[in-house]
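Beneath this line is the structure, given in structure tokens, with notes to follow.
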Number of protein chains: 2
Amino acid sequence: MSDTKQRLLDGAIAAIREHGIAGVSARTIAAAAGVNQALVFYHYGTVDDLLTAACQAGTAERVAHWSTRLAEVRSLRELLDVGRALHEQEQELGNVSFLAQMLAGAQSDERLAAPTGAALQLWVDEIESVLRRLLAGSPFAEIADVAGLARAVSAAFIGLELYGGVDRDGMERAMSALDQLAVLIEIVDDLGPIARRALQGKITRATRRS
Amino acid sequence: MSDTKQRLLDGAIAAIREHGIAGVSARTIAAAAGVNQALVFYHYGTVDDLLTAACQAGTAERVAHWSTRLAEVRSLRELLDVGRALHEQEQELGNVSFLAQMLAGAQSDERLAAPTGAALQLWVDEIESVLRRLLAGSPFAEIADVAGLARAVSAAFIGLELYGGVDRDGMERAMSALDQLAVLIEIVDDLGPIARRALQGKITRATRRS
DNA sequence: GTCTATAGCTGGATAGAC
DNA sequence: GTCTATCCAGCTATAGAC
């Protein structure tokens with residue numbers, strides 16, 4: 001990977017972070033990367049292809065970076081702490097914001113849909129494996145669809161990131177509320193087998209209805 | 001409100017829905033509205049001002065529409081059902097998608113930030129009032145930050161909408177998982193006073209730490 | 001209020017010098 | 001590989017006819 005190609009990848013993330021999907025262009029990317037505008041097309045063909053590459057490479061790098069730390073998590077509360085730290089640090093680096101903007105663009109640009117979905121899937125897989133490990137042996141694993149939960153967590157991260165852009169205090173309150181809610185999961189572990197079975201039936205009935 | 005002004009408001013929502021915040025313009029809006037492009041500027045001054053007006057009027061109308069139905073909800077499970085119906089219908093009308101795109105644009109266009117935040121707040125207030133009514137007298141109200149929960153729900157709606165654009169099946173699974181999770185709230189009502197107090201202390205300790 | 005026409009600008013993409 | 005120069009499309013916004 002040549003220096004220029006890497007600078008363009010970093011520049012793409014920086015440009016989207018600064019100008020959003022609506023304001024990103026070969027010129028804004030080149031300016032952020034400190035290279036000539038024509039090099040975008042020489043190295044990547046089109047702006048979309050560069051965004052695709054940046055999405056793939058950037059997300060893979062961040063997921064790999066957090067993967068080791070997530071592998072050390074031993075409880076749901078620890079996971080919440082790591083999740084908060086992850087959110088804060090990625091927000092500074094702009095990767096959550098980058099993914100959110102790509103996702104917004106992917107809604108109407110089908111060339112962005114596949115790479116954005118694949119990048120998000122990297123996070124989903126990582127979160128799912130952590131949740132599955134933590135909930136192994138827990139009664140909650142029998143009740144919950146862990147794969148669905150991992151997707152919900154990922155989607156909520158995106159939504160909270162965007163919401164924080166127009167109401168930072170509101171986002172903080174929302175995250176604290178989710179912390180409280182997540183602790184509810186832990187109480188299931190404290191239930192006896194009879195109460196647990198009753199809960200399980202309750203959830204099955206409730207979700208089958210809708 | 002003249003016919004043309006209303007057509008432009010509807011056209012703005014339709015254009016954002018079709019082309020996203022990155023592809024919306026006076027021309028695409030005028031085409032969707034079936035009017036001349038110059039009328040955008042005659043009636044609203046700038047494209048941003050038109051988007052602002054569409055955001056305000058469109059969201060106020062949809063919130064008012066659902067407000068009556070939400071007022072009839074009597075349980076959390078009913079609320080989940082209404083929430084699903086709301087998501088499906090608004091997805092067809094494009095209002096959730098519109099808000100998501102506005103939110104994405106608001107991250108880097110400060111002129112969109114205030115109106116988008118205000119529009120989202122209309123949903124937050126509505127959800128908060130329903131939650132507060134449903135949880136009145138419930139032990140969960142003593143534990144939870146209802147205002148934070150309402151914000152989390154709103155943000156999650158946005159995130160799920162965007163996620164659904166790149167992985168529809170994944171979004172469905174995520175929503176089902178959230179259904180399961182929401183039922184957990186109901187079990188708190190079944191707890192006796194001692195278990196409830198223990199839970200409350202547990203949540204307080206867990207959230208104070210982070 | 002609505003239309004045409006257009007000025008002035010920015011964007012994607014390419015050709016060709018170096 | 002990198003640069004300058006440039007074409008052409010599409011954009012905001014306005015002027016002026018109707």
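Everything numeric here is computed off the predicted structure, so don't read it as measured data. Naming: A, B, ... by sequence-line order, numbering from 1 per chain.
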Would you kindly give the [atom1]-to-[atom2] distance between [X] and [N], to the nearest whole Å?
{"X": "B/Lys5", "N": "C/dG1", "atom1": "NZ", "atom2": "C1'", "result": "12 Å"}
{"X": "A/Tyr44", "N": "C/dT14", "atom1": "OH", "atom2": "C1'", "result": "20 Å"}
{"X": "B/Met1", "N": "C/dG1", "atom1": "CE", "atom2": "C1'", "result": "16 Å"}
{"X": "A/Leu8", "N": "D/dG1", "atom1": "CG", "atom2": "C1'", "result": "12 Å"}
{"X": "B/Asn36", "N": "C/dA5", "atom1": "CG", "atom2": "P", "result": "11 Å"}
{"X": "A/Leu51", "N": "C/dG11", "atom1": "CG", "atom2": "C1'", "result": "14 Å"}
{"X": "B/Gln37", "N": "D/dA13", "atom1": "CD", "atom2": "P", "result": "10 Å"}
{"X": "B/Leu50", "N": "D/dC11", "atom1": "CG", "atom2": "P", "result": "15 Å"}

Candidate nucleotides [options], ranked by approach to the side chain of [X] - the nearest:
{"X": "A/Thr4", "options": "C/dG12, D/dT12, D/dT2", "result": "D/dT2"}
{"X": "B/Leu39", "options": "C/dG12, C/dT2, C/dT4", "result": "C/dT2"}
{"X": "A/His43", "options": "D/dG1, C/dT2, C/dA13", "result": "D/dG1"}
{"X": "B/Phe41", "options": "D/dA13, C/dT2, D/dT2", "result": "D/dA13"}

message = Heavy-atom nearest nucleotide on DNA chain C for B/Ser2 versus B/Ala38: which residue maps closer to 5'?
response =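 Whichever sits nearer the 5' end wins; that is B/Ser2.
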
task = Would you confirm whether A/Arg133, through its side chain, and A/Ala71, through its main-chain N or O, come within 3.5 Å as a donor-acceptor pair?
result =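 Checking the backbone N and O of A/Ala71 against the side chain of A/Arg133, a donor-acceptor pair under 3.5 Å is found.
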
query = Is there a donor-acceptor pair closer than 3.5 Å between any side-chain N or O of A/Arg151 and the backbone N or O of A/Ala147?
reply =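 The answer is yes, because a donor-acceptor pair under 3.5 Å joins these two groups.
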
message = Tell me whether the side-chain N or O atoms of B/Arg27 pair up with the base of D/dT12 as donor and acceptor below 3.5 Å, since no angle test is needed here.
response =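 Between D/dT12 and B/Arg27, which were checked side chain against base, a qualifying N/O pair under 3.5 Å is present.
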
key: Heavy-atom pair of closest approach, residues B/Gly105 and B/Leu112   =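 Between these two residues, the closest heavy atoms are C-CD1, 4.2 Å.
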
key: Shortest non-hydrogen separation from A/Glu161 to B/Gln107 and the atoms involved   =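 In this case the closest contact between A/Glu161 and B/Gln107 is O-OE1, 3.9 Å.
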
query = Contact class for B/Val40 (heavy atom, under 4.0 Å): base, sugar-phosphate, or nothing?
reply =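 If one applies the 4.0 Å heavy-atom cut-off, B/Val40 turns out to touch nothing in the nucleic acid.
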
message = Ignoring hydrogens and geometry beyond distance, is a side-chain donor-acceptor pair present between A/Trp66 and A/Gln89 at under 3.5 Å?
response =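 Result is no, nothing qualifies.
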
